[in-house]
Amino acid sequence: MRGLLSTCKSSLFPKPLPAFSTHFRLKSNSASCIVALSTGIEQRNSKFDFEHLFNKCTKTGTAKCLHALLIVSGKVQSIFIATRLVNIYAYLGDVLLSRETFDQVPRKDAYTWNSMVSSYVRNGCYREAVNCVNEMLLTSDVRPDFYTFPPVLKACRTIRDGTRLHCWVFKIGFQWDVFVAASLVHMYCRFGSFDIAHKLFKDMPSRDMGCWNAVISGFCQNGNANEALSVLDDMRLEGVDMDAVTISSILPICAQKHDLLHGMLIHLYVIKNGLEFDVFVSNAFINMYAKFGKLEFSQRIFDQMVVRDLVSWNSIIAAYEQNDYPHDALKFFYEMQRNKFQADLLTLVSLASSIAQTRDSLSGKSIHGFSIRRCWIMEDAVIGNAVVDMYAKIGALDSARKVFEELPCKDTISWNTMITGYTQNGLADEAIEVYRIMKDCEDFTPYQGTWVSILPAYAHIGALRDGMRTHGQVLKVGLDTDVFLGTCLIDLYGKCGRLDDAMFMFYEVPRASPVPWNAIISCHGLHGHGETCMQLFRDMLDEGVKPDHVTFLSLLTACSHSGLVDQGKWCFDVMQHKYGIKPTLKHYGCMVDMFGRAGRLDVAYNFIECMPLRPDASVWGALLGACRIHGNVELGKKASDRLFEVDSENVGYYVLMSNLYAKFGRWERVDEVRSLARDRGLRKTPGWSSIELHNRIEVFYTGNQTHPQHEEIYKELAILNAKMKSLGYTPDYNFVLQDVEDDEKENILTSHSERLAIMYGILNTPPRTPIQIYKNLRVCGDCHNVTKFISKIMEREIIVRDSNRFHQFKDGICSCGDYW
DNA sequence: TCTGGTTGTG
């Protein structure tokens, strides 16, 4: 074969191309293919005969063989055959070889030029396609024909540059060719230039199915659902029936408009008209039903498909992933591989999101590696963003940040993903830092999604002023009724102690979905207003809003914090029997917490024993927390033993257990628990409190002695201590976890971070100004008591938000009624 | 050799 090639001296290839010598290391089956091809060439003469041979070239190597044989036999001199080779290389994805072959054709005709243009378009080289047409129009004397413009207009809509070509079309007089006109209309729809599209469409002398579909799909793909539906109505009024193309265009609109009924009616139409075997239609139905959460329908359609393509597999994988069944999504991925389908970029995006849900870090790394090997992460922001999100959800924030930093094509969503990643892992400072960097970048402007990412970070650390500034920006662009932003703002104001503002926001946003209801219920729960939560729940039902599992989580938490045990039990019952929501471990945790706080430790314990799910750390942790409050060492020991079986890494639980022992002065046990934690390499999270003053957030750690005002703060606290004692305060040493003398215990209590922050606030604000602080852990019982005294003595309203809830102190009384 | 169709991240 090499000999054959080296003797080849055709006008197409004056000397053998290097590609030939490298690619002609043939395998034995390829060799037999060559023999078959060469025999075929000898026997064939008409261009129809050659089509059969061309169709056999499904691999680049085989195409090159055929190419070489055509050169040798001299048949490549035919323009038709040479041009057909341009097409074959295009079909095989080798646009460079396609161009090389094109350049070698001595007398190009319109078919040759059109084939080259199509080759570029087929391979995504849109700019090159437009340049190629310009080259044809300006440098050759070949006149474009009806085939020239449709593919290049397809390229134009992607690079958003089609006016010049439209002028050419007009000049040459192809404006009213059905294909060309449809392509133009579709292009203008995609540009959002609806007026031009409408005018062109209206002026068309004749409209075929393709024209109607071009305009409908153009509107659909531009996200303009109403226009698309209105054209669809016109089409049906003119007595034109929908075909498979119309249906696969319109189905995504049904999902977008939350119109399941319309989607199902179309399904009936499809069955009636025998269109259900169209792969595009089936795929579109899988996607639509998945978006409505109707997985069983998606699955049924997938099962009934006779022919499935890659999109079908991607769709069913995404369907399970989007409906929170990551393991099923992965199952379908393996199934897809068994069916010999190669994963593409979109498969990987769904897989990354599935792995994010399963939190399997090993699989996460392999997904990341795969996307690097295929260079997808270098070329596409979506897969990069999915990987950043995946690492963040797994909790590997360093990896997430590294991938984010190295993303060559970042978009706004990349930034939002990184910010959300930090926020959801409780790293508000890092989130705010990334947000700041983003604002400094000229290429990116924060908008809805970014604010949705950053507002929870502000809420988390109680940065009300920054949050309000963001609210201002939201108002400025008129997004204040956006349900996502509105919910974030409800959460922000609620968590910053501004319940009135939270309620104001709540009444501003659309309330048809349970999400804003959940936010406002949860805010009231945080403040211990359990009865208000129950009232809001009744209002929600009156307005016909269907509660979801988060609604019940918020309600149960609220009941737990307010001691509303009976209402909590009612909610738990209604959730399952009226709304068919299966309780998750979180719901069980809330119930245990509720019984436990109310002192019904035995009920809580029995409740755990009867759970149908295996209790996790949060469930046992709730029981342990209750044992700590009510001083039940025996049950506490039982809970902590079970707790450390399921989670031995969370330092908070060791602290809880050692607190419980310390309360009873069982110091040897305290040491035991502490050394256990130490042996496992765990460190107690240092307690800190923050306060926002004059646009600055000051952070105080327990025992802080480095603050510029620390001497003054401690001096004032000592004076205050004396005043409190005269009003009946006795320090509760139960909250001191060290076995030291009483004097020292008192000093330890006085240096708790929340007191330092409160005193700093008092010293630096005018009298009667309310003080608001945030504490990263739970406020201890003694500090709670002391804050009541401070609010009375200093005549200040003091709002303390800790990791658990809100405490509002006024005139020596706490809003929680000391139930917390 | 051509148009109009389905799947993606926060």
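By convention in this document, chain letters (A, B, ...) are assigned in the order of the sequence lines, proteins followed by strands, and residues within each chain are numbered from 1.
- Of the candidate nucleotides B:dT9, B:dT7, B:dT6, B:dT6 has the atom nearest to the side chain of A:N283.
- Counting any heavy atom pair closer than 4.0 Å across all strands shown, A:V281 reaches a base atom.
- Considering only side-chain atoms of A:S315, the nucleotide from B:dT3, B:dT7, B:dT9 that sits closest is B:dT7.
- If you measure from atom CD1 of A:I286 to atom P of B:dT7, you get 11 Å, rounded to the nearest angstrom.
- One atom, CH2 of A:W313, and another, P of B:dG8, lie 18 Å apart when rounded to the nearest Å.
- Among the atoms of the strands shown, base atoms are found under 4.0 Å from some heavy atom of A:F146.
- Among B:dT9, B:dT7, B:dC2, the nucleotide with an atom closest to any side-chain atom of A:R122 is B:dC2.
- One can place CD1 of A:I247 at 15 Å from P of B:dT7, the figure rounded to the nearest angstrom.
- Residue-level contact check: A:A318 touches neither bases nor backbone, having no heavy atom under 4.0 Å from any strand.
- The side chain of A:I413 approaches B:dG10 more closely than any other nucleotide in the set B:dC2, B:dG10, B:dT6.
- If you check distances only, the side chain of A:D380 does reach the base of B:dG8 with a donor-acceptor pair under 3.5 Å.
- Between A:F292 and A:F297, the ring centre distance reaches or exceeds 6.0 Å.
- Of the candidate nucleotides B:dT9, B:dG10, B:dT7, B:dG10 has the atom nearest to the side chain of A:N416.
- Closest to the A:S248 side chain, of the nucleotides B:dG8, B:dT6, B:dC2, is B:dT6.
- Residue contacts shown for A:S453 are absent, as no nucleic acid heavy atom lies under 4.0 Å away.
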Can A:R401 and A:D398 be said to form a salt bridge (charged side-chain N to carboxylate O under 4.0 Å, His left out), step by step?
CA-CA 5 Å; A:R401 182 65 179 258; A:D398 290 344; over 6 Å; no

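- Here A:M116 lies out of heavy-atom contact (under 4.0 Å) with every strand.
- Here A:L345 lies in heavy-atom contact (under 4.0 Å) with a base.
- The side chain of A:Y147 lies closest to B:dT1 when the candidates are B:dT1, B:dG8, B:dT3.
- The 12-atom threshold is exceeded at CD of A:E405, counting heavy atoms of other residues, nucleotides or ligands nearer than 6.0 Å.
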Under the ring-ring contact (aromatic ring centres under 6.0 Å, His included) criterion, do A:F219 and A:F194 qualify, and how do the steps go?
CA-CA 8 Å; A:F219 283 132; A:F194 301 136; 4.9 Å; yes

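- Proximity of A:K291 to the phosphate of B:dG8: a side-chain N or O atom is located under 4.0 Å from OP1 or OP2.
- Among the heavy atoms of the strands, none lies under 4.0 Å from A:S350.
- Looking at the side chain of A:V311, the nearest of the listed nucleotides B:dT9, B:dC2, B:dT6 is B:dT6.
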For the pair A:T423 and A:H460, evaluate side-chain hydrogen bond (donor to acceptor under 3.5 Å, both in side chains) and give the outcome as yes or no after the intermediate values.
CA-CA 8 Å; A:T423 311; A:H460 185 76; over 6 Å; no

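- Stacking here means ring centres nearer than 5.5 Å and ring planes tilted less than 30 degrees, and by that measure A:F280 does not stack onto B:dT6.
- Remark: C1' of B:dC2 and CH2 of A:W113 are 18 Å apart, rounded to the nearest angstrom.
- Minimum atom distance to the side chain of A:L346 is reached by B:dG8, of the listed B:dT3, B:dT1, B:dG8.
- Protein atom CG of A:L153 is 14 Å distant from nucleotide atom P of B:dC2, rounded to whole Å.
- Here the two rings, on A:W415 and A:F404, have centers that are under 6.0 Å apart.
- Contact check of residues 298-310 of chain A against DNA chain B (heavy atom, cut-off under 4.0 Å) returns no residues at all.
- The CG-C1' distance, from A:N385 to B:dG10, rounds to 7 Å in whole Å.
- Donor-acceptor pairing under 3.5 Å is lacking for the side chains of A:N131 and A:E135.
- Taking CG of A:N416 as the start and OG of A:S453 as the end, the distance is 4.0 Å to the nearest 0.5 Å.
- Distance, A:L165 CG to B:dT3 C1': 15 Å, rounded to whole Å.
- In the displayed structure, A:F444 atom CZ is contacted under 6.0 Å by more than 12 heavy atoms of other residues, nucleotides or ligands.
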